[in-house]
Amino acid sequence: MTVRSAARPILPIFIERWSPRTFDESAITHEDLMPMFEAARWAPSAFNLQPWRFLYALRGDADWSQFLSLLIPWNQSWAQNASALIYLLSDRMAETKSGDLEPSYSHSFDAGAAFAQFALQAHALGFHSHGMTGFRHDDANSALGVPERFRIEAAIAVGRVTNVDPVAASKEKLSDRKAVETFAKQGKFSDQLL
């Protein structure tokens, strides 16, 4: 597998973290998983609302089959080997100081920040995570009992990587990223960002 390199000096964990699809079917304990949620807990959020919620199933527990069945078939084919399956939700509503609810502009943004911290902590602990939006959205809302005010942002597979299956492992590639200049521009929006 190729090694990625950054164009500018950054902490190594940012380029070492990746999203594999070849998990080794090992178990994960609550003690292993909780530090990942703890890292997510400390993500920045607008007005400190912390709109993220995580629903999870561990391999072999009572919820595992249902969590797996909500993924699209392609994602089921590889995520079945993960150690944990997680659904990340965000609260679309924010409580005002007067106790009223109003739409939250940044709920998805904040939940994304929580996932980024979760993923980096997983990597630091020797696990990998793979976020995906390939799940049956309406069925997932119903099956997981998600209230209307919440949005399921993504499903996440967590586990340890294996190279036991050489065919699957040969398809795993560390993806590169667009150059900073293609998405960051001083001043107003221009065609450079299209």
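Hydrophobic cluster membership differs between Leu49 and Trp52, with clusters built from Ile, Leu, Val, Met, Phe, Trp and Tyr side chains linked at under 4.5 angstrom. Side-chain heavy atoms closer than 4.5 Å link hydrophobic residues (I, L, V, M, F, W, Y) into clusters, and following such links, possibly through other members, connects Met132 to Trp64.
Using a 4.5 Å heavy-atom threshold, the side chains of Ile152 and Leu88 count as separate. Counting heavy atoms from C-beta outward, Gln50 and Asn48 have side chains that approach closer than 4.5 Å. When side chains are defined from C-beta on, Arg151 counts as touching Ser90, because their heavy atoms get closer than 4.5 Å. In this structure the side chain of Asp110 reaches within 4.5 angstrom of the side chain of Pro51, judged on heavy atoms. For the pair Ile86/Leu55, no side-chain contact is recorded, criterion being any heavy-atom separation below 4.5 Å from C-beta on.
Considering CZ of Arg41 and CD of Gln117, their distance stands at 12.0 Å, rounded to 0.5 Å. One finds the CG atom of Asp100 at 8.5 Å from the CD atom of Glu95 (value rounded to the nearest 0.5 Å). Taking CG of Leu58 as the start and CG of Leu85 as the end, the distance is 9.5 Å to the nearest 0.5 Å.
Here His128 pairs with Trp18 under the side chain to side chain donor-acceptor pair (under 3.5 Å) rule; sequence neighbours left out.
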For this session: I would like to know whether Phe54 and Tyr87 meet ring pair (Phe, Tyr, Trp, His ring centres under 6.0 Å); could you show each step before the answer?
Result: CA-CA 6 Å; Phe54 292 87; Tyr87 285 85; over 10 Å; no
Exercise. Can Arg149 and Leu101 be said to form a side chain to side chain contact (heavy atoms under 4.5 Å, CB included), step by step?
Worked result: CA-CA 10 Å; Arg149 72 184 250 185; Leu101 290 176; 3.5 Å; yes
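Defined by atom type and a distance below 3.5 Å, a donor-acceptor pair is present between the side-chain atoms of Asp32 and Thr29. Side-chain contact annotation: Asn81 with Trp78, donor-acceptor N/O pair under 3.5 Å absent.
Outside the 6.0 Å centre-distance limit, the rings of Phe109 and His107 are not counted as a close aromatic pair. For an aromatic pair to be called close, the ring centres must be under 6.0 Å apart, and Tyr56 with Phe67 fails this.
A donor-acceptor distance shorter than 3.5 angstrom exists from the side chain of Gln76 to the backbone of Ser69, with no hydrogens or angles considered.
For the pair Arg160 and Phe127, the distance from NZ or CZ to the six-membered ring centre is under 6.0 Å and the angle to the ring normal is within 45 degrees.
The heavy-atom pair separating Pro103 from Met93 by the smallest distance is N-CE, 3.8 Å. Considering every non-hydrogen atom in both Phe115 and Ile156, the closest pair reads CD1-CD1, 3.5 Å.
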